[in-house]
Amino acid sequence: MSSVPDNLIKVGDYVVVQRWNFMKIIHLGGNKGDDFDVVLGNDIVNIRTAVDKPYWSTFKIIPEVSVKKSKKRLYRAEICDKNENPRLSAEIIKDLSSGSDNRDIKDDGKSQSLSTENIHELRDSGIPAQDIVEQLVENSTTFQKKTEFAQEKYLSKKKRKYFDYILLRPTSLRLMIEINNKKDPSKFLGMSMDTLSHMTTACNIQPGGTYLTYENGCSGIISAMILNSLDTTGKVVQIHPGPYPQKSSVLSLNLSSEKLNCYVPMSVRDIIEVCKSIKGQKLMDESCSPKKDSITLNGIDKKLVKQESPLESDQNNINSESLNSTGSSVLAHDLEQCEINASQTTPSGTTVTSDKSPKANLKRKNSDIQLDNNKRSCYEFDSSRKIQVENILLNKVDGLIIVCKEHPLSVLTEFIQYVAPSRPIIIYSLYREPLVELQK
């Protein structure tokens, strides 16, 4: 159960700002802790007063007449009195008539007698949104000719635009998906809350379990979903393409530091090195075993079965036939990149380049984008994280979830060996063709 201070809004928290039926997730204070401006349409609202206030507090936005930022209007937020009613009354159209249809209404821009300057003056003078909407209705020559449905639609649009109250809410998985699906459904690869709930149930997430995810193009919503169900003893390893993890959803949940310690992001390049190290340890254990044709587990002898890694297979057979029908393997591409860099580095750490070698050109191109010596490289390998991930994979994980834009076959064939027996494997794709191929 959360304590009272956890229910207060703090600098650095991610907060949902709701204005009428419009919602937006903001980082209070920004990365530096001094940015409290929220852009809501053509308005900029300063919510510095929300710090140390409880969640679900309602604030009234008051115009700052003397200060302007570009063409946008600047407001400040002040917490509402408990007796103040932050709602627009529905009695605006109670005594007004409505038309039977909208066929005779022409959208010529002349139906509203109030000019833009008049409306701005009303807003800057501090008149409540209720009075502004009433004046817009009174000065409209076509409002009473509209149907009842059209009138309600018009009022809803004006309420959202001129509503002078905001509500600050805590973030949640449901709100994140709802907000992003309204704005850009592709940010979460079209996933709805129902889909995420089915994945949570199918994966059978346990508080102390360990889980492996491969995410590309969903802003870390799967890792956030798992972390939301774990306790401080569980682990989730997120594999991501590129140098930096996609973890905006994880950060938006405002998890405690103990919970964030359960989150272990690792790039494809680094996880390949971990897998190589695990395979090397297995080969060394097999060579030291007295029986070369079998190993003993819990007193039971089992024949060794030598299986070629999908990544090694992609590396040894680099041709058009080894690629997937929908595109090349991301893991194989990163493995090839690692081999190129390793082959060009001497044991002393110096790099050998040649102007005639395409590999040398690739290495030189990579060196141009590296950070300076005072900063950590985006691809620098963390040895402590390597040991942590090695232990997790050696002990097998309790579930594997793959959500990505590319074909998931190469990812599945490489990491399925680290899933414990009878544990679930979930694959999500925008397209049915890759899923059909995996069923065969």
Side-chain angles (χ1 to χ4, degrees), residues 196-216 218 220-241 245-247 249-250 255 258-282 285 295 297-298 302 305 307 309-312 329-331 334-335 381-404 406 408-429 435 438:
L196 201 65
S197 301
H198 286 309
M199 296 174 69
T200 306
T201 305
C203 193
N204 191 25
I205 298 176
Q206 303 294 327
T210 57
Y211 300 90
L212 184 66
T213 67
Y214 179 86
E215 300 181 59
N216 183 19
C218 59
I221 190 66
I222 304 301
S223 298
M225 171 196 72
I226 298 175
L227 284 172
N228 196 46
S229 303
L230 291 181
D231 58 12
T232 56
T233 61
K235 293 290 181 182
V236 52
V237 179
Q238 179 193 7
I239 305 171
H240 56 87
Q246 303 171 4
K247 57 178 182 179
S249 299
V250 176
L255 300 173
E258 292 80 8
K259 270 289 189 71
L260 290 178
N261 290 334
C262 303
Y263 173 64
V264 186
M266 181 165 285
S267 66
V268 171
R269 176 175 296 190
D270 292 345
I271 200 69
I272 289 173
E273 296 296 331
V274 172
C275 294
K276 283 184 177 181
S277 177
I278 293 176
K279 293 172 186 176
Q281 291 181 13
K282 290 183 179 180
D285 294 339
I295 57 176
L297 295 176
N298 298 328
K302 297 184 179 181
V305 180
Q307 295 181 350
S309 171
L311 298 183
E312 296 175 354
S329 168
V330 175
L331 296 177
D334 284 328
L335 176 62
F381 198 79
D382 190 350
S383 58
S384 61
R385 186 175 298 177
K386 172 188 174 183
I387 298 174
Q388 185 180 18
V389 175
E390 276 186 0
N391 294 332
I392 292 175
L393 296 183
L394 283 172
N395 294 326
K396 305 292 184 177
V397 297
D398 296 319
L400 171 63
I401 302 180
I402 301 173
V403 179
C404 57
E406 60 270 15
L409 178 60
S410 60
V411 182
L412 176 63
T413 51
E414 175 61 24
F415 297 113
I416 193 175
Q417 57 186 314
Y418 302 110
V419 182
S422 302
R423 296 303 193 274
I425 298 174
I426 300 173
I427 302 174
Y428 176 87
S429 177
L435 303 178
L438 294 176

For the pair Glu273 and Arg385, find out whether any cationic side-chain nitrogen is under 4.0 Å from an anionic carboxylate oxygen. no

Look at the side chain of Lys247 and the backbone N and O of Ser223, then say whether any donor-acceptor pair between them is shorter than 3.5 Å. no

Donor-acceptor pairs under 3.5 angstrom involving side-chain atoms of residues 200-208: please list them, not counting sequence neighbours.
{"unit_1": "Thr200", "atom_1": "OG1", "unit_2": "Leu196", "atom_2": "O", "d": "2.8"}
{"unit_1": "Thr201", "atom_1": "OG1", "unit_2": "Ser197", "atom_2": "O", "d": "3.1"}
{"unit_1": "Asn204", "atom_1": "OD1", "unit_2": "Gln206", "atom_2": "NE2", "d": "2.9"}

Is there a donor-acceptor pair under 3.5 Å between the side chain of Asn228 and the backbone N or O of Ala224? no

Going by distance alone, is a donor N or O of one side chain under 3.5 Å from an acceptor N or O of the other, for Gln238 and Tyr211? no

Should Val250 and Leu227 count as side-chain neighbours, where that means a heavy-atom distance under 4.5 Å? yes

Check the pair Val236 / Thr210 against side chain to side chain contact (heavy atoms under 4.5 Å, CB included), numbers first and verdict last. CA-CA 6 Å; Val236 52; Thr210 57; over 6 Å; no

Any sub-3.5 Å donor-acceptor pair from Glu215's side-chain atoms to Ile222's backbone N or O? yes

Give the table of side-chain donor-acceptor pairs shorter than 3.5 Å for residues 418-428, with sequence neighbours excluded, one pair per line with atom names and distance.
{"unit_1": "Arg423", "atom_1": "NE", "unit_2": "Asp398", "atom_2": "OD1", "d": "3.4"}
{"unit_1": "Arg423", "atom_1": "NH1", "unit_2": "Pro421", "atom_2": "O", "d": "3.0"}
{"unit_1": "Tyr428", "atom_1": "OH", "unit_2": "Leu189", "atom_2": "O", "d": "2.9"}

Would you check if Asn216 and His240 make a side-chain contact, meaning some heavy-atom pair closer than 4.5 Å? no

Tyr263 side chain near Pro245 side chain, heavy-atom distance below 4.5 Å: yes

Donor-acceptor pair, side chain of Lys396 and main chain of Gln417, under 3.5 angstrom: yes

Hey, could you give me the SG/CG distance between Cys262 and Leu255, rounded to the nearest 0.5 Å? 9.5 Å

Report yes if some heavy atom in the side chain of Asp270 is under 4.5 Å from a heavy atom in the side chain of Lys386; otherwise report no. no

Backbone N or O of Ser410 within a donor-acceptor pair of the Thr413 side chain at under 3.5 Å? yes

Treating Lys279 as the side-chain partner and Val274 as the backbone partner, does any N or O pair qualify as donor plus acceptor under 3.5 Å? no

Would you check if Ile239 and Thr213 make a side-chain contact, meaning some heavy-atom pair closer than 4.5 Å? no

